[in-house]
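Quick notes on the structure that follows.
Atoms considered below: every heavy atom in the structure, side chains included; atoms not considered: hydrogens, waters and symmetry mates. As the structure is a computational prediction, the values presented were derived from the model and not from experiment.
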Amino acid sequence: VQTCALPICGFFAGIVMIPLLKRVDIQFTKSTLAMSCVFAAMIGLFISAQDLGAAANAIFLQNTAPFWVYVIGVYLLGEPATPRGTQAILLGLAGALVIVIGGWPRDLPPEREGREITILLMAVGSGALYGCVILFLRHLRHVNPAWLVFLNQMGSAVFLALFVLVA
C-alpha cells in the first residue's frame, strides 16, 4: 500500500505548485530533465531503504549529501577546499561509516547478508543522489523554484508509478 501511494503523493505535491507557475517559468532543458530523473532515483532508493531496512539508517545515510556535494565540488568542479570544510566533512563521514560498519551484516546466511548490504548501499546511494540534486539546484538557481519542485515531484510520480507497475 505504501509503495503504491508514493506516485500519488508526488503527483499531488506537484499539483500544489501549479498556482505558483507562470507560462514563462516552464522550461524543459537537459539539466531540468536530468535533475528530475536523479530526484526520482533518490526518492526511490530512499523509500526502498527505509521500507526494507532500518529507517534511522536510511535517514542518516541520506544525509551524507553534504559529503557528496563537497567531494563533487572540490574534485570535479574545482572549488577550493577549506580546512574547516574538510574537517566537518570528515567528521560527518565518520558518523556515516559508524552506521554502515555497525549495520554491516555478520553471521547471516549469504542470501540475507546480500540483502542487508544492498539496503545499506541503497541508503548511501540515496545520499549521493541527494548531493547531486543539491548541485543541480545550485546550477539551476536562475529557474523558478516552484517549476523545479513541480518537475521533480511529477517526474518522481511518473518514474515511481512505472516502477510500481513493473515490480
Side-chain angles (χ1 to χ4, degrees), residues 6-7 9-10 13-14 17 20-21 25-105 114-163:
L6 288 174
C9 291
M17 294 289 117
L20 303 174
L21 297 174
D25 296 328
I26 299 170
Q27 52 182 291
F28 292 97
T29 65
K30 289 179 185 177
S31 293
T32 59
L33 296 175
M35 182 180 65
S36 183
C37 292
V38 169
F39 185 86
M42 174 197 74
I43 293 295
L45 285 175
F46 177 66
I47 297 301
S48 296
Q50 260 190 324
D51 189 43
L52 298 172
N57 286 354
I59 292 166
F60 283 122
L61 291 173
Q62 188 188 38
N63 285 304
T64 59
F67 166 78
W68 298 108
V69 169
Y70 188 79
V71 168
I72 293 168
V74 170
Y75 294 104
L76 293 180
L77 302 178
E79 295 178 1
T82 63
R84 289 185 80 189
T86 302
Q87 290 169 352
I89 292 303
L90 290 176
L91 186 60
L93 183 59
L97 287 174
V98 167
I99 293 170
V100 171
I101 293 168
W104 203 259
R115 180 180 184 272
E116 295 299 318
I117 291 170
T118 301
I119 294 168
L120 284 171
L121 293 176
M122 285 191 305
V124 171
S126 172
L129 292 176
Y130 187 15
C132 291
V133 169
I134 292 168
L135 291 169
F136 270 117
L137 289 171
R138 186 176 82 178
H139 172 70
L140 294 166
R141 63 183 165 269
H142 61 282
V143 178
N144 182 343
W147 170 245
L148 296 177
V149 171
F150 173 83
L151 198 57
N152 285 341
Q153 294 298 334
M154 288 302 194
S156 66
V158 168
F159 289 119
L160 293 174
L162 291 173
F163 178 77

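- Within the structure, salt bridge (Lys or Arg N to Asp or Glu O under 4.0 Å) pairs that include any residue of residues 27-49 do not occur (at least two apart or interchain).
- F150 meets the ring pair (Phe, Tyr, Trp, His ring centres under 6.0 Å) test with W147; sequence neighbours excluded.
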Side-chain donor/acceptor pairs under 3.5 Å, residues 118-132, sequence neighbours excluded:
from : atom 1 : to   : atom 2 : distance (Å)
T118 : OG1    : G114 : O      : 2.8
S126 : OG     : Q62  : NE2    : 3.2

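- Among all heavy-atom pairs drawn from T32 and Q27, the shortest one is OG1-O, 3.6 Å.
- Checked against side-chain hydrogen bond (donor to acceptor under 3.5 Å, both in side chains), D25 has the following partners two or more places apart in sequence or in another chain: N144.
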Just list the side-chain donor-acceptor pairs under 3.5 Å for residues 34-43, sequence neighbours left out, or say none.
from : atom 1 : to   : atom 2 : distance (Å)
S36  : OG     : L151 : O      : 3.1

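- How far CG of L77 is from NE2 of H139: 10.5 Å, rounded to the nearest 0.5 Å.
- The two residues A146 and L20 make their nearest non-hydrogen contact at CB-CB, 3.8 Å.
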Under 3.5 Å donor-acceptor pairs involving side-chain atoms of residues 83-90, not counting sequence neighbours:
from : atom 1 : to  : atom 2 : distance (Å)
T86  : OG1    : Y70 : OH     : 2.7
T86  : OG1    : T82 : O      : 2.9

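- For S48, there are no side-chain hydrogen bond (donor to acceptor under 3.5 Å, both in side chains) partners two or more places apart in sequence or in a different chain.
- Pairs engaging residues 144-156 under the salt bridge (Lys or Arg N to Asp or Glu O under 4.0 Å) rule: none recorded [sequence neighbours left out].
- Residue pairs that meet the salt bridge (Lys or Arg N to Asp or Glu O under 4.0 Å) test with at least one member in residues 140-152, sequence neighbours left out, do not exist here.
- Residues satisfying the side chain to side chain contact (heavy atoms under 4.5 Å, CB included) criterion with V158, sequence neighbours excluded, are L162.
- Not a single donor-acceptor pair under 3.5 Å links the side chain of T64 to the backbone N or O of F67.
- A distance of 11.5 Å separates CZ in F46 from CG in D51, rounded to the nearest 0.5 Å.
- Every residue meeting the salt bridge (Lys or Arg N to Asp or Glu O under 4.0 Å) condition with R138, not counting sequence neighbours, appears here in chain and number order: E79.
- Each salt bridge (Lys or Arg N to Asp or Glu O under 4.0 Å) pair with one or both residues in residues 122-131, not counting sequence neighbours, would appear here, but there are none.
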